[in-house]
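Right, one structure below, let's go through it.
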Amino acid sequence: MKNETPDLLFKNVKIATSEKVGDVPVDIRIKDGKIDEISEKLEAVKNEKVHDYDGAYVSPGWMDMHVHFREPGYEHKETIVTGATAAAFGGFTAVACMPNTNPPIHTRDVVEFIINKSRSLPVDVHPIACVSKERKGKSITEMADLKEGGAVAFSDDGDPVSNSWLMRIALEYSSMLDRPVINHEEDLNLSRPGHMNEGKVSARLGIDGTPGIAEEVMIARDIMLAELTGGHIHIAHISTAKGVELVRQAKVRGVRVTTEVCAHHIDMTDEEIEKQDFDTNFKMHPPLRTEEDRQAVIDGLKDGTIDAYCTDHAPHAIEEKDVEFIYAPNGIIGLETAWPIAVKRLYQSKEMPLNEILAKLIDNPRKILHLDIPKIEVGAEANLTFFNVDERWRFDTKHIHSKSKNTPYVGSEMIGRALGIYNKGHWVVNKI
Ligand SMILES: [Zn+2]
Ligand SMILES: [Zn+2]
């Protein structure tokens with residue numbers, strides 16, 4: 001593709017990968033979108049744009065494997081362009097987008113529409129296609145055709161695949177197609193009509209809760225069906241201690257199961273809903289759980305039970321969220337706050353070393369979705385994320401590039417920042 005930027009010289013960056021974190025800054029020359037030279041000192045040549053990163057890190061580009069970009073159908077919440085912009089400013093060069101659009105991503109033309117729309121953007125947008133036609137949970141989509149069109153996985157996210165027969169068939173097909181089925185783990189008979197985690201806080205507040213068991217029962221079912229069929233089940237947005245334990249045990253048995261955790265679930269608990277006076281920006285599904293659950297998902301990341309770190313970026317318009325707590329839709333935006341949350345809860349707290357955190361953002365999501373993992377080496381396509389782990393800053397609405405502003409983090413003090421990305425010949429630099 002045509003380059004949008006001239007040749008570039010990135011000076012003074014420390015290379016960090018899932019394997020190793022460098023401590024000596026280097027200079028990286030980009031020519032025609034490729035890494036041309038890496039050396040401790042490079043002199044700028046004519047017509048080359050130079051940017052000094054002042055000792056910040058550069059890693060292979062990050063991927064968020066769980067976002068909702070709302071296009072087609074709900075462009076008042078987010079479009080592929082605004083979602084990709086938020087991703088770029090959050091440090092992501094790739095995302096996988098969920099199919100609860102209108103029409104849903106259930107036919108090949110919708111898959112191709114998303115791929116075509118994102119072709120010229122700095123972020124790779126990989127569509128996840130529906131498991132069921134119309135996302136109605138009744139009959140299976142043309143999975144082979146959807147994969148052919150470019151779908152990287154199958155999910156009815158927004159809703160679970162409740163019908164166990166359908167899940168079994170989907171896993172059988174997915175095993176033939178070698179692509180995962182991603183399930184929003186929720187037994188609707190157990191969870192309804194909950195608006196937050198069922199527990200001490202919901203009892204105190206007098207709000208109907210959705211219990212952890214609603215998630216865990218579905219995870220257990222999906223693990224058993226994956227074991228039976230040999231298909232690959234990816235557990236979306238895991239949030240409970242027992243859920244993590246189910247995945248841990250299944251991995252020991254060799255079941256093809258992977259999972260992810262959202263930034264908000266490593267950061268907050270249901271106590272926030274009480275403290276923040278029913279602010280609807282603390283309402284999502286799965287809901288914020290207990291402190292024990294929060295610790296358990298961090299332990300899951302540490303021991304490899306949880307493979308990927310994601311956002312479940314779920315934009316909603318202000319008027320949709322500006323209603324009574326029980327009427328508000330689920331979900332918050334997350335792309336531009338994911339990194340400082342990881343820095344605070346995993347790195348600064350010394351829970352995990354930087355390279356292991358990066359594996360959850362670079363290698364693992366792409367392994368799960370069978371995508372190439374970018375490399376920082378001479379001759380490779382330049383697919384890069386620039387970031388630091390120590391900058392203190394305050395997150396404000398001016399940092400939000402998403403079309404929606406539904407985040408509980410406005411006004412929060414942050415540590416660590418994504419400084420921009422380089423991908424497909426585009427350089428996005430975060431100067432705000
Ligand atoms: Zn979901
Ligand atoms: Zn989701």
Side-chain angles (χ1 to χ4, degrees), residues 63-71 73-74 77-78 80 83 86-87 90 92 95-102 104-106 114 125-132 135-137 151-162 167 170 180-188 190-192 194-197 210 212 214-219 221-222 233-240 243 247 258-266 281-289 297 306 308-316 320-321 328-335 337-338 365 368-369 402 404 406-407:
M63 173 164 202
D64 181 351
M65 66 176 294
H66 191 145
V67 302
H68 296 265
F69 277 1
R70 309 299 192 199
E71 186 179 0
Y74 306 105
K77 295 174 193 266
E78 194 80 287
I80 293 165
F92 297 93
V95 297
C97 60
M98 285 297 179
N100 56 340
T101 49
N102 187 18
I105 312 177
H106 68 149
I114 291 165
V125 182
H126 299 282
I128 295 169
C130 297
V131 168
S132 67
R135 220 172 54 82
K136 286 197 171 142
V152 290
F154 301 93
S155 180
D156 278 355
D157 187 47
D159 292 294
V161 177
S162 294
M167 181 52 99
V181 176
I182 304 174
N183 200 16
H184 168 110
E185 309 290 344
E186 180 181 7
D187 181 324
L188 296 175
L190 279 167
S191 67
R192 275 184 182 149
H195 305 290
M196 62 180 291
N197 181 53
T210 175
E215 184 176 337
E216 292 143 6
V217 158
M218 203 62 143
I219 293 174
R221 181 204 73 172
D222 287 348
I233 184 75
H234 179 79
I235 309 296
H237 42 50
I238 200 162
S239 73
T240 77
V247 174
T258 51
T259 188
E260 63 188 26
V261 67
C262 299
H264 46 264
H265 287 124
I266 71 165
N281 285 323
F282 294 87
K283 184 177 179 185
M284 62 283 284
H285 196 92
L288 296 173
R289 304 285 191 188
V297 290
I306 300 178
Y309 178 68
C310 70
T311 66
D312 199 1
H313 177 84
H316 292 293
E320 292 164 328
K321 273 289 207 184
N330 286 310
I332 58 170
I333 57 169
L335 284 161
T337 48
I368 291 165
L369 300 173
S402 169
S404 294
N406 52 312
T407 164

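For ligands, and for the atoms within them, numbers begin at 1 and follow the listed sequence.
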Going by atom types only, do Arg289 and Ser239 share a side-chain donor-acceptor pair under 3.5 Å?
-> yes

Which heavy atom in [X] sits nearest to a heavy atom in [Y], and how many Å separate them?
| X | Y | answer |
| --- | --- | --- |
| Glu71 | Thr101 | O-CG2, 3.5 Å |
| Leu288 | His264 | CD2-O, 3.7 Å |
| Pro99 | Ile128 | CB-O, 3.2 Å |

What N/O/S atom of His68 is the closest to the Zn ion (ligand 2)?
-> NE2

Ignoring waters, protein N/O/S atoms under 2.8 Å from the Zn ion (ligand 1) are Asp157 OD1, His184 ND1, His237 NE2

Check salt bridge (charged side-chain N to carboxylate O under 4.0 Å, His left out) between Lys283 and all other residues, then give those that pass, not counting sequence neighbours.
-> none

Whether His184 and His285 hold their rings parallel, tilted or perpendicular, with breakpoints at 30° and 60° = parallel

